[in-house]
Amino acid sequence: MNKHLTLKLITAFFAVITLAGCGPKEKDKTKISFKSVEGITFIEVSRKQNNGLTFNEYGFRLVPDWKLRFVSADSAALYSPVKGKFFNFPLALGTDSVFNIAHAFLKMKVISKDSLVFSLLETEGDSVDLKKSRVTMKLYSEDFIKNKLHTDASVLQRPSKQDTAFVRGMVNKANADFKKAFAAWQPVQLISKNPNVAVDKVKAKPSLLDNKYSTDDDYLNPVYNIVIHKAYQDFYYPFEATIDSAGAWHYNKPLIGFLGDDAAEKNFIKVSTAIMNTYLKLFLTTVPGQTLGMKHASTISVNVKGIVAAK
């Protein structure tokens, strides 16, 4: 989200909450305070949809990855696993248990020195829906996890049996019909078995300034740059394919436009399909993607570049 727009949204949002409090008073709505838990480090142990699942039908998984500490009345710190340290963010407090941190609007449900539970409010454009939330986040303090639960955060963060059953159902459907493929939590692996073929998987880059620690695109939209040396001619073909549970390739579509030129599109599909069926199938070991240890059909994008041998 654009930083200027975000600032305007936060300002407008809390202004509306303040004005709303100027009407007839049913009860005094004071701003939420985190004074009682300042300095305590909380680790997110679950992030779930309203149906109790962390996965959806596209293979997207809600990952509990926040490590949070309230520093002062107007500041909170979030841990960056990429940088290996905490970074402070402005903390905006509203009434009715609503607050904003790192571009996220949240509504507190439970607060104690052992745990925090809050709903992630939905935003659309420049508005925030105070009554609409599809995600609940739960955090435990480090002390509570270690000294009362006697466990580790990574154990608490594991997918539930309900998640496993849901994913197994999707896996069965995708393996019966590869057109029902979904994103693999552990993406397809393309391993070259020819010295003239190089494979490089594109990696998402998290942005600390935008609080985009997530690298979801690494598995939701896996992209591979493939260079074929000593090709029959110079070429470049970006296209999408589905890899089934056996590692077989199925051509989907080109990843460029043709401005209505049907002949050019038909030729592109013909040639890129031939490249897939020869170079890629013969010179690559294709390991299918899997989720929770179950192999299944998933979709990938490849940018295939051919370079003729130097003369």
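Between Tyr232 and Val308 there is no side-chain heavy-atom pair separated by less than 4.5 Å. Side-chain contact between Leu106 and Ile101 is present, with heavy atoms from C-beta onward closer than 4.5 Å. Considering only heavy atoms from C-beta on, Val171 comes within 4.5 Å of Phe182 through its side chain. Using a 4.5 Å cut-off on side-chain heavy atoms (C-beta onward), Leu120 and Phe118 make no contact. Put simply, the side chain of Arg47 does not reach to within 4.5 Å of the side chain of Thr136, judged on heavy atoms. Between Tyr251 and Asn277 there is no side-chain heavy-atom pair separated by less than 4.5 Å. Counting heavy atoms from C-beta outward, Ile300 and Val223 have side chains that stay 4.5 Å or more apart. Side chains of Trp249 and Ile243 form a contact here, defined as non-hydrogen atoms less than 4.5 Å apart.
Counting heavy-atom neighbours within 6.0 Å of Lys201 NZ, excluding the residue itself, gives a total above 12. No more than 12 heavy atoms of other residues, nucleotides or ligands sit less than 6.0 Å from atom NZ of Lys253. By the 6.0 Å contact criterion, NZ on Lys48 is open, its count of non-hydrogen atoms from other residues, nucleotides or ligands being 12 or less.
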Pairs of donor and acceptor atoms involving the side chains of residues 187-194, under 3.5 Å and at least two apart or interchain, shall be tabulated with distances.
{"unit_1": "Ser192", "atom_1": "OG", "unit_2": "Asn194", "atom_2": "N", "d": "3.2"}
{"unit_1": "Ser192", "atom_1": "OG", "unit_2": "Asn194", "atom_2": "O", "d": "2.8"}
{"unit_1": "Ser192", "atom_1": "OG", "unit_2": "Val197", "atom_2": "O", "d": "2.6"}
{"unit_1": "Asn194", "atom_1": "OD1", "unit_2": "Asn196", "atom_2": "N", "d": "2.7"}

Could you give the side-chain donor-acceptor pairs of residues 138-145 under 3.5 Å, partners two or more places apart or in another chain?
{"unit_1": "Ser141", "atom_1": "OG", "unit_2": "Lys113", "atom_2": "O", "d": "3.4"}
{"unit_1": "Ser141", "atom_1": "OG", "unit_2": "Phe144", "atom_2": "N", "d": "3.0"}
{"unit_1": "Asp143", "atom_1": "OD1", "unit_2": "Asn147", "atom_2": "ND2", "d": "2.6"}

Please report the C-alpha distance between Phe42 and Trp66 in whole Å, then the side-chain angles of each, then the deciding distance to 0.1 Å, and finally whether the side-chain contact (heavy atoms from CB on, under 4.5 Å) criterion is met.
CA-CA 8 Å; Phe42 292 92; Trp66 272 27; over 6 Å; no

For the pair Leu116 and Val110, evaluate side-chain contact (heavy atoms from CB on, under 4.5 Å) and give the outcome as yes or no after the intermediate values.
CA-CA 5 Å; Leu116 304 174; Val110 175; over 6 Å; no

Might you work through the side-chain contact (heavy atoms from CB on, under 4.5 Å) test for Lys109 and Ser119, ending with a clear yes or no?
CA-CA 7 Å; Lys109 300 174 72 174; Ser119 299; 3.1 Å; yes

List the steps, then state whether side-chain contact (heavy atoms from CB on, under 4.5 Å) holds for Phe258 with Phe268.
CA-CA 10 Å; Phe258 299 92; Phe268 182 102; 3.6 Å; yes

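A donor-acceptor pair is defined here as one N or O able to donate and one able to accept, closer than 3.5 Å; no such pair exists between the side chain of Asn221 and the backbone of Asp217. Between the side chain of Lys107 and the backbone N or O of Asp96 there is at least one donor-acceptor pair closer than 3.5 Å. Side-chain atoms of Glu44 do not come within 3.5 Å of backbone N or O of Pro64 as any donor-acceptor pair. With hydrogens and angles disregarded, a donor-acceptor distance shorter than 3.5 Å links the side chain of Asp177 to the backbone of Lys179. Judged purely by atom type and a 3.5 angstrom limit, Asp244 has no side-chain atom pairing as donor or acceptor with the backbone of Phe178. The backbone N or O of Phe70 sits nowhere less than 3.5 Å from a side-chain atom of Glu38 that would complete a donor-acceptor pair. Side chain of Ser115 to backbone of Ile111: no donor-acceptor contact under 3.5 angstrom is found. Side chain of Asn303 to main chain of Asn225: no donor-acceptor pair is present (N/O by atom type, distance under 3.5 Å, no hydrogens or angles).
In the hydrophobic cluster analysis, where Ile, Leu, Val, Met, Phe, Trp and Tyr join through side-chain heavy atoms closer than 4.5 angstrom, Val271 is grouped together with Phe239. Under the 4.5 Å side-chain heavy-atom criterion for grouping Ile, Leu, Val, Met, Phe, Trp and Tyr, Val117 is not connected to Phe105 through any hydrophobic cluster. By the criterion of side-chain heavy atoms lying less than 4.5 angstrom apart, applied directly or through intervening Ile, Leu, Val, Met, Phe, Trp or Tyr residues, Val199 is not grouped with Val287; the two fall into different hydrophobic clusters. In terms of hydrophobic clustering, with Ile, Leu, Val, Met, Phe, Trp and Tyr side chains grouped at heavy-atom distances under 4.5 Å, Ile40 and Leu93 are assigned to a common cluster. Both Ile269 and Val304 sit in one connected hydrophobic cluster of ILVMFWY residues. Membership requires side-chain heavy atoms under 4.5 Å apart, directly or through other members.
Donor-acceptor pairing under 3.5 Å is lacking for the side chains of Ser301 and Tyr224.
Expressed to the nearest 0.5 Å, how far CG of Asn51 lies from CZ of Arg134 amounts to 11.0 Å. In this structure, Leu62 CG and Asn56 CG are separated by 7.5 Å, a value rounded to the nearest 0.5 Å. Going from atom CE of Met294 over to atom CG of Asn175 covers 10.0 Å, rounded to the nearest 0.5 Å. The distance from atom CZ of Arg158 to atom CG of Asp152, rounded to the nearest 0.5 Å, is 8.5 Å. Rounding to the nearest 0.5 Å places CH2 of Trp185 at 5.0 Å from CZ of Arg61. Distance check: Leu68 CG to Ile43 CD1 gives 11.0 Å after rounding to the nearest 0.5 Å.
Comment: Asp114 engages Lys148 in a salt bridge, judged by a side-chain N to carboxylate O separation of less than 4.0 angstrom.
In this structure, Tyr237 has its ring center closer than 6.0 angstrom to the ring center of Phe235. Checked against the 6.0 Å centroid criterion, the rings of Phe34 and Phe99 qualify as a close aromatic pair.
When every heavy atom of Gly306 is checked against every heavy atom of Ala231, the shortest pair comes out as CA-CB, 3.9 Å. Looking at every heavy atom in both residues, Pro288 comes nearest to Ser245 through CG-O, 3.3 Å. Asn252 approaches Ala241 most closely through the heavy-atom pair ND2-C, 3.6 Å. Residue Ala204 comes nearest to Asp218 through the heavy atom pair N-OD1, 2.7 Å, listed as atom of the first residue, atom of the second, then distance. For the pair Ser75 and Leu91, the tightest heavy-atom approach, listed with the atom from each and the gap, is N-CB, 3.5 Å. In terms of heavy atoms, Thr242 sits closest to Ala297 at CG2-CB, 4.2 Å.
Note on ring orientation: taking the six-membered ring where Trp is involved, the planes of Tyr79 and Phe86 are perpendicular (angle over 60°, cut-offs 30° and 60°).
When the options Val135, Asp163, Val167 are evaluated for a side-chain contact (heavy atoms from CB on, under 4.5 Å) with Thr54, the one that passes is Asp163.
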